[in-house]
Amino acid sequence: MPCPSKPRLLLLLPTATYRAAAFVEAARRLGVELTVASELPSTFQQAQPDRLVTLDFSDPERAAQQAYQFARTHAIAGVTGVDDTAAVVAAAIAERLGLRGNPVSAALAARDKHLQRKELARRGVPVPRFELHELGEDVSDLAARMHYPCVLKPLRLSASRGVIRADDPPGFVAAFARLQQILEQPDVAACGGWTRYVLVEDFVPGPEVALEGLVIEGRLHVLALFDKPDPLDGPFFEETIYLTPSRLPEPARRVIVECGQAAVAALGVREGPIHAELRYNAGGPWLIELAARSIGGRCSAVLRFTAGERGRGKGCASLEELIIRHAVGLPIPSLEREQCAAGVVMIPVPGAGVLREVRGIAEARAVPLVEDVVITAHPDQPLVPWPEGSRYPGFIFARGETPEAVEAALRAAHGRLTFVLG
Ligand code: ADP
């Protein structure tokens, strides 16, 4: 029998995610009961009715009603969603059950790039100039009157899937056709009316950072600011290295954080994790995107937080532990990241093909400061480069005294890996 005094977290997990294990481990460490909600019924559900539940993620209000029914027999103390769609469902559930969470309107604005741009622009948050276009418009005509360079993107895909830079009219026509093909893939087209639209924005030059934060009562607490030392100039925007702490000068970091806080307020985000991308140049900070969820993939493992005064000697807390504590209302001992520098490589897709083998993993792990090399792609898996693809074949983690040392270790480890494609 579960102990009734243990708080229960409802964790909304999309089917394709690497995040489950980290949340399960965090809940275990905190002594929090975990119920995992997903879209497809699990074969284990009948055997573990308090641990697994199926919710209709495509209809947040219906999902909220289903969660309400579940909560009648299993009290829920908090809810959190792992991806952009789950974040909308979590918001609807939080509203319905009176739990800590975001208004549904905020989660919707965080998920949809056009809605987000409109809300941010309306409230004076610096965003690039943008226009919404529809598939089927006269593309040559559009191409002739665009400002260059520009970026074309879908409204709701993630991990830079379908995001393409165009530098001139022929590039625009080609990028539009390529994005249209992605949007017309059956699995994407089935996602809804938004797949008929393309957002076109001015390209914002300058270094890019990622801001990981936790919002509490509308106030943004910065958990980490990551530099992205490889320039993201396109034409596609696959990530590579994230490094924290940021090496940008303090005044730049300060205005970046202020911009993040302004975006949080503009979208109406009140509670929970956020992950934002911003650029910085002579014009100041620019909000590229804010998501009402934490960092994706395996990357959260790069973050560790001091356990606070009371927890001295008990080791560090994971990002998932902070998120769960906040969601269920447990005290948060500290929001401070550990002292050292840390970084991760999202391993670039080495080419299109079927993965046969990855060589050099042991050699990569042996590089000083490297903590782990995780290959998430499995043998015989087709690897799809950006912009069509969106899944990294693996991740490399390192920690050290300085960002410079960590970056060098990550690059050395990556250089030791060989991906054999068939
Ligand atoms: P996703 O949610 O799929 O990651 P984003 O809108 O965040 O989509 O875009 C992905 C990446 O593409 C950004 O992190 C950034 O590097 C690049 N990018 C997107 N829009 C712009 C822009 N207007 N100017 C410069 N770079 C951009």
Side-chain angles (χ1 to χ4, degrees), residues 14 82-88 107-121 125-133 146-167 171-172 175 178-179 182-183 188 191 194-195 197-212 225-242 256 259-260 263 267 274-297 299 346 348 384-392:
V82 165
D83 72 357
D84 295 325
T85 292
V88 175
L108 286 172
R111 176 175 68 171
D112 186 283
K113 296 179 207 286
H114 181 234
L115 191 55
Q116 176 165 151
R117 283 280 180 265
K118 283 196 298 189
E119 290 301 306
L120 294 177
V125 178
V127 291
R129 188 171 38 181
F130 62 95
E131 291 177 16
L132 186 67
H133 292 287
M146 278 303 151
H147 300 262
Y148 294 98
C150 64
V151 175
L152 295 84
K153 56 172 83 168
L155 301 194
R156 291 196 197 168
L157 295 178
S158 57
S160 308
R161 187 174 175 201
V163 180
I164 309 175
R165 168 174 162 161
D167 288 333
F172 183 91
R178 195 152 177 185
L179 177 51
I182 296 172
L183 292 172
V188 178
C191 292
W194 61 265
T195 59
Y197 294 91
V198 171
L199 189 62
V200 184
E201 307 180 342
D202 286 356
F203 174 80
V204 180
E208 183 165 311
V209 292
L211 192 166
E212 195 69 17
L225 191 62
F226 290 100
D227 285 339
K228 305 186 182 189
D230 287 333
L232 283 157
D233 288 335
F236 314 127
F237 297 92
E238 181 181 21
E239 309 262 23
T240 53
I241 297 182
Y242 271 39
I256 286 170
C259 182
L267 299 181
I274 61 126
H275 178 83
E277 321 287 344
L278 300 101
R279 293 218 178 202
Y280 183 77
N281 58 29
W286 298 83
L287 206 292
I288 299 295
E289 195 188 33
L290 184 143
R293 55 155 173 81
S294 54
I295 192 169
C299 296
M346 289 162 243
V384 185
W386 271 248
E388 285 77 16
S390 61
R391 278 176 98 79
Y392 301 94

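First listed ligand is number 1; within each ligand, the first listed atom is number 1.
Side-chain contact between L157 and W194: present, with at least one pair of heavy atoms (C-beta onward) separated by less than 4.5 Å. Taking the side chain as every heavy atom from C-beta outward, L278 and I288 never approach each other to under 4.5 Å. Counting heavy atoms from C-beta outward, C191 and R156 have side chains that stay 4.5 Å or more apart.
Closest to atom 24 (N) of ligand 1 among all protein heavy atoms lies V204 N, 2.8 Å. Among protein heavy atoms, atom 20 (N) of ligand 1 sits closest to K153 NZ, 2.9 Å. Counting only heavy atoms of the protein, atom 18 (N) of ligand 1 lies nearest to I288 CG2, 4.0 Å. Atom 9 (O) of ligand 1 has V163 CG2, 3.9 Å as its closest protein atom, hydrogens excluded (heavy atom only). In terms of protein heavy-atom proximity, atom 3 (O) of ligand 1 is nearest to S160 N, 2.7 Å.
Contact annotation: D202 has at least one heavy atom less than 4.0 Å from an atom of ligand 1.
Using a 4.0 Å cut-off between heavy atoms, F203 contacts ligand 1 through both its backbone and its side chain. Neither the backbone nor the side chain of A291 has any atom closer than 4.0 Å to an atom of ligand 1 (non-hydrogen atoms only). Counting heavy atoms under 4.0 Å from ligand 1, residue V151 touches it through the side chain alone.
Pairing each heavy atom of S158 with each of S390, the nearest pair is O-CB, 4.1 Å. Contact detail for L152 and A175: the closest heavy-atom pair is CD1-CB, 3.8 Å.
Partners of R117 by salt bridge (charged side-chain N to carboxylate O under 4.0 Å, His left out), not counting sequence neighbours, listed by chain and number: E201.
Shown in contact with E208 at under 4.0 Å from a heavy atom are these atoms of ligand 1, numbered in order with element: 13 (C), 14 (O), 15 (C), 16 (O). Each of the atoms 23 (N) of ligand 1 lies under 4.0 Å from some heavy atom of P128. In summary, the atoms of ligand 1 found under 4.0 Å from a heavy atom of R279, numbered by their order in the structure, are 15 (C), 16 (O), 25 (C), 26 (N).
Taking only non-hydrogen atoms, the option from K113, R161, R111 nearest to atom 1 (P) of ligand 1 is K113. Of all the listed residues (E201, Q116, E289), E289 holds the heavy atom that lies closest to atom 7 (O) of ligand 1.
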Below 3.5 Å, can you tabulate the donor-acceptor pairs from side chains in residues 202-211 to any protein atom, sequence neighbours excluded?
{"residue": "D202", "atom": "OD2", "partner": "R129", "partner atom": "NE", "Å": "3.1"}
{"residue": "D202", "atom": "OD2", "partner": "R129", "partner atom": "NH2", "Å": "3.1"}
{"residue": "E208", "atom": "OE1", "partner": "R279", "partner atom": "NE", "Å": "2.9"}
{"residue": "E208", "atom": "OE1", "partner": "R279", "partner atom": "NH2", "Å": "3.1"}
{"residue": "E208", "atom": "OE2", "partner": "K228", "partner atom": "NZ", "Å": "2.7"}

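The CD1 atom of I295 lies 5.0 Å from the CD atom of E212; values are rounded to the nearest 0.5 Å.
Salt-bridge formation is not detected for the pair D83/R293: no Lys NZ or Arg NE/NH1/NH2 atom is positioned less than 4.0 Å from an Asp or Glu carboxylate oxygen.
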